[in-house]
Amino acid sequence: MKKRRLRISLGAIALMLCLLPVLWACSHTRQGLSSMEPRQAYSHAIRDAEVAEYNEISRNLVAIVPGNEVLIWSRDMQVLVVTWTSWDGYDDKVGGSTKLSKDLWVTVVPEVKAFCRDRNLAPEQLTLRIEQLLGLPTGDGKNRFVEIWVSPDDLFRPTPDPEISDHEAGLDFPLSCQFVTVRERYKKWFDDLKQSSYGAEG
C-alpha cells in the first residue's frame, strides 16, 4: 500500500473522525461473528450498530487535545490524520496545501499503523482486517493511505455527540449548548448518514 503525505489548508473541509473501538462489531457479538463469512459478518455488524446501547459505549477514544502526546502535531498545532482511499487525485498534491469540498473519513496517526504492525499479517489478510477495523464492506477496493495535517477545529466525530476532546461519544444529541453546540443542520446530516449506511448494507 502506498503512503501519501498531504498538507491541507485550514477551513473549507469537514473531516469525520472514525471511532476505531466501535466501528466493526460490538464486543458481545464478536465471538459469533468469527464463524461467519466476512460479508455476512459485515451485514450483521451494520444491523447491530443500528441500535446502540449504553453498555457498548467505548471510553477509550483518542482525545484530540494538545496535551495528548500519542498524537503527532505540527508546529502550528495541526494534527496528523490518515484516510484510506483508492482515489489517486491526491498524488499531485503531496507536500502542498489544498481545500477539500467534501466530507472525508479519517483516523488519527498512528492508530491504524500500530494496528497493522501488531498483527503481522499477509497483505490480503491485512486488507480485510483494515476494512473490518474501519467499518467498510469486504472488497471495498481501497489501496492507499493518505496522511493529512489538519486543524482540530475541522474534525468531528460522526455521532450525536461530535466533540473530539474527550474519550467517549454519547448516544444522544446534547440537550445543553454549554459544552457542545449541535445545529439542526448537523442533526439532519447525521440522520441522513445513518439511513444511507443501512441502505448500503446489501
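One is the number of the first residue; the rest follow in order along the sequence. Just so we're clear, the structure is a prediction, and the values are computed from it rather than from any experiment.
Applying the salt bridge (charged side-chain N to carboxylate O under 4.0 Å, His left out) test to residues at least two apart or on different chains, none of the pairs has a partner in residues 61-72.
Residues forming a side chain to side chain contact (heavy atoms under 4.5 Å, CB included) with Tyr186 (at least two apart in sequence, or on another chain): Phe156, Pro162, Phe173, Val182, Trp189, Phe190. Applying the side chain to side chain contact (heavy atoms under 4.5 Å, CB included) rule to Asn68 yields the partners Val62, Val65, Val70, Leu71; only residues at least two apart in sequence or on another chain are considered. Partners of Leu128 under the side chain to side chain contact (heavy atoms under 4.5 Å, CB included) rule, at least two apart in sequence or in another chain, are Pro38, Glu131, Gln132, Thr138. Among residues two or more places apart in sequence or in another chain, the salt bridge (Lys or Arg N to Asp or Glu O under 4.0 Å) test is passed with Asp191 by none.
The distance from the CD1 atom of Ile72 to the CH2 atom of Trp149 is 6.0 Å, given to the nearest 0.5 Å. Atom OG1 of Thr85 sits about 7.5 Å away from atom CZ of Arg144, to the nearest 0.5 Å. The distance from the OG atom of Ser165 to the CZ atom of Arg157 is 7.5 Å, given to the nearest 0.5 Å. Between atom CH2 of residue Trp105 and atom CG of residue Leu134 there is a gap of 10.5 Å, rounded to the nearest 0.5 Å. Distance CG/Leu133 to OG1/Thr107: 7.5 Å, rounded to 0.5 Å. For the atom pair Thr127 OG1 and Arg129 CZ, the distance stands at 12.0 Å (nearest 0.5 Å).
Of all heavy-atom pairs between Trp73 and Ile64, the closest is CH2-CG2, 4.3 Å. Closest heavy-atom contact between Pro160 and Gly170: CD-O, 4.0 Å. Scanning both residues, Asp91 and Val94, for their nearest heavy atoms gives O-CG2, 3.4 Å.
Looking only at distances, a side-chain donor or acceptor of His167 sits under 3.5 Å from a matching main-chain atom of Leu61.
A salt bridge is absent between Arg59 and Asp166; no separation between the charged side-chain nitrogens and carboxylate oxygens falls under 4.0 Å. A salt bridge links Lys188 to Asp192: at least one charged side-chain nitrogen sits closer than 4.0 Å to a carboxylate oxygen.
Residues Glu168 and Asn60 form no side-chain contact, since every pair of their non-hydrogen atoms from C-beta on lies 4.5 Å or further apart.
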What do the steps show when you test Leu171 against Ile57 for side chain to side chain contact (heavy atoms under 4.5 Å, CB included), and what is the final call? CA-CA 8 Å; Leu171 303 183; Ile57 295 177; 3.9 Å; yes
Pair Trp84-Ile130, side chain to side chain contact (heavy atoms under 4.5 Å, CB included): steps then yes or no: CA-CA 9 Å; Trp84 197 33; Ile130 293 172; 3.3 Å; yes
Is there a side chain to side chain donor-acceptor pair (under 3.5 Å) between Asp172 and Tyr54? Walk through the geometry before answering. CA-CA 10 Å; Asp172 304 308; Tyr54 283 96; 2.5 Å; yes
Run Val146 and Trp87 through side chain to side chain contact (heavy atoms under 4.5 Å, CB included) and show every step you take. CA-CA 10 Å; Val146 179; Trp87 187 55; over 6 Å; no
Audit row: Ile148, Leu80, side chain to side chain contact (heavy atoms under 4.5 Å, CB included) steps and yes/no: CA-CA 6 Å; Ile148 302 170; Leu80 190 61; 5.8 Å; no
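In this structure, a donor-acceptor pair under 3.5 Å is absent between the side chains of Thr159 and Asp161.
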Using distance only, find each side-chain donor-acceptor pair of residues 115-124 under 3.5 Å and give its atom names and separation, not counting sequence neighbours.
from: Arg119; atom 1: NH1; to: Phe115; atom 2: O; distance (Å): 3.1

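Residue Ile164 is tested with Leu155, Asp153, Val108 for a side chain to side chain contact (heavy atoms under 4.5 Å, CB included); the sole match is Leu155.
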